[in-house]
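Each remark here refers to the structure printed beneath this line.
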Amino acid sequence: MSDLLVVRNLGKVYPLARGEYHVFHGLDFEIERGEFTAIMGVSGVGKSTLLNLLGAVDRPTEGQVLFDGENVFTLPPLRRARLRNRKVGFVFQFFHLLPEFTALENVCFPVLIGGGGWPQAKERARRALEDVFLADKADMRPRQLSGGEQQRVAIARALVNEPQLLLADEPTGNLDWSTGEKIIRLLLDLHSRRGLTSIVVTHNEKVAAFCRRIFLMDAGGLKPIPRT
Ligand SMILES: Nc1ncnc2c1ncn2[C@@H]1O[C@H](COP(=O)(O)OP(=O)(O)O)[C@@H](O)[C@H]1O
Ligand SMILES: [Mg+2]
């Protein structure tokens, strides 16, 4: 089987003070190993909610996500946490770096959380920073870095544990177009060099043009956009 992700009847409802908010239901799709997929759709439609479910950060109200054949939400919590730590890398719009720590330390955290010690974490973080061409800025704090550099640190952090799946939630949404394009090129390059499966949420038509497969999310769910 070459699908990395199999999504079946996936639904998410947020409880609100007054009733419930139904974000989506009945999502069914597969993501093939090695695929680079874009998800588009207007703000508030549920793209981040979906990525959080695919990355096992949040739980669905109904349905299943099979990751490499494993039913993510019936795994015991520790095994699910391990899957998230080792097999999934996340990149966000606002980078989410810890401001008090250096670039190198930020990249170390997923290794430390996974049970590695500082020497191993630092060695792997240095390599990950080399992969995003930031080895020379390892000791800088996020505020000393440009937006594009901060996003490259975040990409190094997402990849330091050598995940199978990379999830990027509007990774260029906070960057100017030319910096954003460099980030997308870097993601595409890392995607093929590391044999990743990547899913990128984006509003940018040009960014989506780099992808092999595009889904449009709307109130009716998730539909593949036919490619010419
Ligand atoms: N933790 C939450 N509690 C309640 N409602 C939420 C929560 N997170 C998101 N929502 C709502 O769910 C909908 C989808 O949000 P989101 O997945 O962030 O959309 P998108 O990423 O497409 O902009 C929005 O209406 C949002 O307000
Ligand atoms: Mg979002």
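Throughout, numbering of the chain's residues begins at 1 and tracks the sequence. In listed order, ligands and their atoms are each counted from 1.
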Would you please determine whether S43 falls within less than 4.0 Å of ligand 1 on a heavy-atom basis? yes
How about Y14 and T49: does a side-chain donor come under 3.5 Å of a side-chain acceptor? yes
Does E130 pair with R126 as a salt bridge, N-O distance under 4.0 Å? no
Closer than 4.0 Å: a protein non-hydrogen atom to atom 27 (O) of ligand 1: no
Any N or O on G44 sitting closer than 3.5 Å to an N or O of ligand 1? yes
Closest contact, heavy atoms only, V91 versus A158: CG2-CB, 3.7 Å
Protein non-hydrogen atom below 4.0 angstrom of atom 7 (C) of ligand 1 present: yes
Minimum heavy-atom distance between V42 and H203, given as atom pair plus value: C-CE1, 4.3 Å
Going by the closest heavy atom to atom 15 (O) of ligand 1, which one wins out of V23, L50, T49? T49
Restricting to salt bridge (charged side-chain N to carboxylate O under 4.0 Å, His left out), what partner residues turn up for R82, sequence neighbours left out? none
Salt bridge E70-R79, side-chain N to carboxylate O under 4.0 Å: yes
Between R141 and E100 (salt bridge meaning N to carboxylate O under 4.0 Å), is one present in this structure? no
For atom 12 (O) of ligand 1, the protein heavy atom that lies nearest, with its residue and separation: Y14 CE1, 3.4 Å
Just which atoms of ligand 1 are under 4.0 Å from any heavy atom in Y21? 12 (O), 13 (C), 25 (O)
How far is atom 18 (O) of ligand 1 from its nearest protein heavy atom, and which residue and atom name does that atom have? S48 CB, 3.7 Å
Looking at residues at least two apart in the chain, or sitting in another chain, which of them share a side chain to side chain contact (heavy atoms under 4.5 Å, CB included) with H96? F92, F94, R157
Mind listing the side-chain donor-acceptor pairs of residues 186-194 below 3.5 Å, one per line with the distance, residues two or more places apart or on another chain?
| unit_1 | atom_1 | unit_2 | atom_2 | d |
| --- | --- | --- | --- | --- |
| D189 | OD2 | R193 | NE | 3.3 |
| D189 | OD2 | R193 | NH2 | 3.2 |
| H191 | ND1 | L196 | O | 3.3 |
| H191 | ND1 | S198 | OG | 2.7 |
| H191 | NE2 | G34 | O | 3.0 |
| S192 | OG | L188 | O | 3.0 |
| S192 | OG | D189 | O | 3.4 |
| R194 | NE | D131 | OD2 | 3.4 |
| R194 | NH1 | L159 | O | 3.1 |
| R194 | NH2 | D131 | OD2 | 2.6 |

Any N/O pair G46/ligand 1 closer than 3.5 Å: yes
Atoms of the protein (N/O/S only) found under 2.8 Å from the Mg ion (ligand 2): S48 OG
Of all the heavy-atom pairs spanning L83 and A56, show the shortest one and how long it is. CD2-CB, 4.5 Å
